[in-house]
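Working notes for the structure below.
All values derive from a computational prediction rather than experimental measurement. Every heavy atom of this structure was used, including side-chain atoms; hydrogens, water molecules and symmetry mates were not.
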Amino acid sequence: MLANLDFGWLLMAVGTVSVIAFMFGNALDAIMREDGFGPFGNMFLFLGGFFGAIFVANEFGINLGELKLAIAYGLGGAFALIAVLALIKAAIARYA
């Protein structure tokens with residue numbers, strides 16, 4: 001899906017997801033405080049998880065031609081990445 005997008009559409013997708021990721025990053029920073037990664041750290045993790053999940057789904061042959069399905073996979077991947085890294089950070093803080 002991402003490989004088939006024109007440069008303009010890809011730029012708009014990245015821009016839109018970046019703005020939404022910044023809002024989620026700020027919200028997660030307010031909720032998680034020191035357990036999180038800061039507003040920009042959360043934003044970059046959200047961006048990486050979103051586009052990473054879409055890329056991995058495409059590599060496994062899942063057709064994400066419908067926008068709702070692509071958004072669902074992207075959001076799931078973004079929140080899964082942040083949750084896993086927050087758990088790893090908490091485990092390191094507890095046992096180190």
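- Partners of Ile62 under the side-chain contact (heavy atoms from CB on, under 4.5 Å) rule, at least two apart in sequence or in another chain, are Ala57, Leu64, Tyr73.
- How far CG of Asp29 is from CG of Asp35: 11.0 Å, rounded to the nearest 0.5 Å.
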Name the atoms and distances for all side-chain donor-acceptor pairs under 3.5 Å in residues 41-55, with sequence neighbours left out.
residue	atom	partner	partner atom	Å
Asn42	OD1	Phe37	N	3.3
Asn42	ND2	Gly25	O	3.4
Asn42	ND2	Gly38	O	3.2

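- By the criterion of side-chain heavy atoms lying less than 4.5 angstrom apart, applied directly or through intervening Ile, Leu, Val, Met, Phe, Trp or Tyr residues, Trp9 is not grouped with Phe7; the two fall into different hydrophobic clusters.
- Tyr95 belongs to no hydrophobic cluster, as no Ile, Leu, Val, Met, Phe, Trp or Tyr side chain comes under 4.5 Å of its own.
- Leu11 and Val17 fall into different hydrophobic clusters, where Ile, Leu, Val, Met, Phe, Trp and Tyr side chains are chained together by heavy-atom contacts under 4.5 Å.
- The other residues sharing a hydrophobic cluster with Phe60 are Val56, where clustering joins ILVMFWY side chains under 4.5 Å apart.
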Solution key, residues 76-89 side-chain donor-acceptor pairs under 3.5 Å, sequence neighbours excluded:
residue	atom	partner	partner atom	Å
Lys89	NZ	Glu34	O	3.3
Lys89	NZ	Gly36	O	2.5

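- Under the rule for a side-chain contact (heavy atoms from CB on, under 4.5 Å), the partners of Met23 that lie at least two apart in sequence or sit in another chain are Val19, Ile20.
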